[in-house]
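Here is the structure we will look at, set down as C-alpha cells.
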2 protein chains.
Amino acid sequence: MRAETGERRRDAERTRTELLDVATDEFADRGYSGARVDEIAARTRTTKRMIYYYFGGKEQLYLAVLERAYSEIRAAERTADVDHLDPTAAVRRLAEVTFDHHEAHPAFIKLVGVENAQQAKHMNHVARLVDLNSSAVDLLAGVLARGVADGLFRDDVDALDVHMMISSFCFFRVANRHTWGALFDRDLLAPDRREHYRTMLGDLVTGYLRK
Amino acid sequence: MRAETGERRRDAERTRTELLDVATDEFADRGYSGARVDEIAARTRTTKRMIYYYFGGKEQLYLAVLERAYSEIRAAERTADVDHLDPTAAVRRLAEVTFDHHEAHPAFIKLVGVENAQQAKHMNHVARLVDLNSSAVDLLAGVLARGVADGLFRDDVDALDVHMMISSFCFFRVANRHTWGALFDRDLLAPDRREHYRTMLGDLVTGYLRK
DNA sequence: TTTCTAATGTACGAACTGGTACGTTAGTTA
DNA sequence: TAACTAACGTACCAGTTCGTACATTAGAAA
C-alpha cells in the first residue's frame, strides 16, 4: 500500500491522524462491532500493529475517534454570530447553522447513531465531552431570553427543548434518509429540496416560539 | 435450557415465533453484525440448528425480523380515528399516535437505526414494506386537505413533510436518548416529562400549519 | 560514527462465529 | 404397529478477527 513512492518516512503524528481518519469512516459506516481493525489498517499507509502501538486496541481507537469527532464539532458551532440579529432572525440563524452542520458531517451523525446503539456507554468514558456541547445551548438560551424580553416569544419555553426540536429535524433528515427513501421514494438530501427543508425548519421553530 | 419441565413438545409455529422474538431484541440491541446466532439460539428453548432450518441463515432471519416489525406497526397506525375531529385536533391526534407508538416500540426504533446504518440495503429486498407505510401519510393528507378547505391551514404544505416533522421529533426522543442524557443530563423518556413533550409536539405541528 | 530508542513491519496464535453433516425422535398415517 | 417425515439435537469445521511476540529500521543524540 505504502509503496508508491518507495520511500518510508517516520512521522508519528501523521500515522496517528491517518489511523483516526480512516477509523472514523470505518466505525461510522459499519458500527463498532462491524468495523474491522484489519480493514482500517489496510486503508492506511501503515499496519495494524500501529493501532495497538498508538491506541492500545480497537475500543480505545473508537474512543479516540469519538472524542475527536465531538471536539471538531464544537468549533463549528461557535461560528454563529447572532448578537446583531433580532431574536426571530437569530433563532432562524442558529437552526440553519445546525442544519448545515448536520448535512456537512454525515460521519459524525452516523457515530452518534452508533453510540446510541450502544447506550452511549463509550461516551460516558469521555467526560470531557459533556461541557463541550453546552455552548450551543447557552447561545440559544440568550437569544430566547432576548425574544421574551422584547415580547416576541412565549416565555414558557426551555432552550434545551428548542435545541432538541432543531436537532431532531436535522438529525432525522440525515440519519434516516435511507429508510425514508426506500419507504416513500423521497431523497431527503436531494440538493434541490435543501432550501425547502432549511426554510421549513426555520418556520417550524419560529412559529413555535411566537407568542 | 428447555429442560425445566422435562417434556419436549414439537411445535413448528412456536419455535419459529420464539426465534423471531428473541432475534428482534438481539438485532435491535446489537445491530446486524453485532448480533450472534449462537446467542439468539441460546435464549430460546431450541437450538441454533433451527435458525437454519426455518430461516436459512442469519441474514434471512434478520429480514424476517424486519418484515414482521414493520407489519406489526401498520396495524397500530390504523387505530387513529380522526374523521370526527376538527382538522387541528385531528393533526394533533395523529402526532400523538406516532408519539405513543415510538415510545411503546423501542425495539422497532432501534431496528430502523440498524437498517439505516446499512443504507437500508435489506429493506429494499422486502418490497412488500413500501406500500405499508403509505397509509399513515394518506390519513394525514386527508386531514390537511380538510384544514386547507376550512381556511385553517396553509395551503403550501406537503403531507409527507409534515409526517417527517412528526417522525423526526418522536424518533429522536427515543433513539438518541442515551447521548442526549450523557451530554445534557436530561432523560428524554422520563415519565414526568412525557406529557410535556407530547404537548410540545402538538403545538409545534399545529403552529406550523396555522395560516 | 556510534549508540540508542521511538517507530514500524511480519508472522502467527487463540478465540470466536457462521454454517453444516449427520444422527435422533415425536407424532402422523396407512 | 410399522413406516415415514417433519422437527429437532449434537458435534464439528473452516474462515475470520482481535491481539501479540519478535524482529527491524529511521533518525536523533552523543
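Here is how names work: the chains are called A, B, and so on, in the same order as the sequence lines, proteins then strands, and each is numbered from 1.
Checked against C:dA7, D:dG9, C:dG19, the side chain of A:Y54 finds its nearest nucleotide in C:dA7. Of the candidate nucleotides C:dG19, D:dT20, D:dC8, D:dC8 has the atom nearest to the side chain of B:T15. For A:T46, the listed nucleotide lying nearest its side chain is C:dG9; candidates were C:dG9, D:dG19, C:dG19. The nucleotide whose nearest atom lies closest to any side-chain atom of A:D38 is, among D:dC8, C:dT20, D:dC18, D:dC18. Here the nucleotide nearest the side chain of A:R49, chosen from C:dC22, C:dG9, D:dT20, is C:dG9.
Counting any heavy atom pair closer than 4.0 Å across all strands shown, A:Y53 reaches a base atom. Residue B:R36 is in sugar-phosphate contact alone, with no base atom involved, counting any heavy-atom pair closer than 4.0 Å across all strands shown.
A donor N or O paired with an acceptor N or O is not found under 3.5 Å between the base of D:dG9 and the side-chain atoms of B:K48.
Between A:V37 and B:A12, the residue anchored nearer the 5' end of DNA chain D, judged by the nucleotide with its closest heavy atom, is B:A12.
Put simply, the side chain of B:R30 does not reach to within 4.5 Å of the side chain of B:R36, judged on heavy atoms. Using a 4.5 Å heavy-atom threshold, the side chains of B:Q118 and B:M123 count as separate. Between B:R173 and B:E103, the closest side-chain pair of non-hydrogen atoms falls below 4.5 Å.
In this structure, CG of B:D11 is placed 12 Å from C1' of D:dA6, rounded to the nearest angstrom. Nucleotide D:dC18 holds its C1' atom 8 Å from the NZ atom of A:K58, rounded to whole Å. The separation between B:M50 atom CE and C:dG19 atom P is 15 Å, rounded to whole Å. Computed from coordinates, the B:L19 CG to D:dA7 P distance equals 13 Å when rounded to whole Å. Atom OH of A:Y32 and atom P of D:dT17 are 14 Å apart (whole Å). Taking atom CZ of B:R45 as the reference point, atom C1' of D:dA7 lies 15 Å away to the nearest angstrom.
Residue B:T47 places no side-chain N or O under 4.0 Å from the OP1 or OP2 atom of D:dC8. Residue B:Y52 places at least one side-chain N or O under 4.0 Å from the OP1 or OP2 atom of C:dG19.
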What nitrogen or oxygen pairs link the protein and nucleotides 3-5 of chain D at under 3.5 Å?
none

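No donor-acceptor distance shorter than 3.5 angstrom exists from the side chain of A:H163 to the backbone of A:A159, with no hydrogens or angles considered.
Ring pair B:Y32/B:F27 is parallel by interplanar angle, where below 30° counts as parallel and above 60° as perpendicular.
Separation of the A:F99 and A:Y197 ring centroids does not fall under the 6.0 Å cut-off. Two rings, from A:Y70 and A:F108, have their centers less than 6.0 Å apart.
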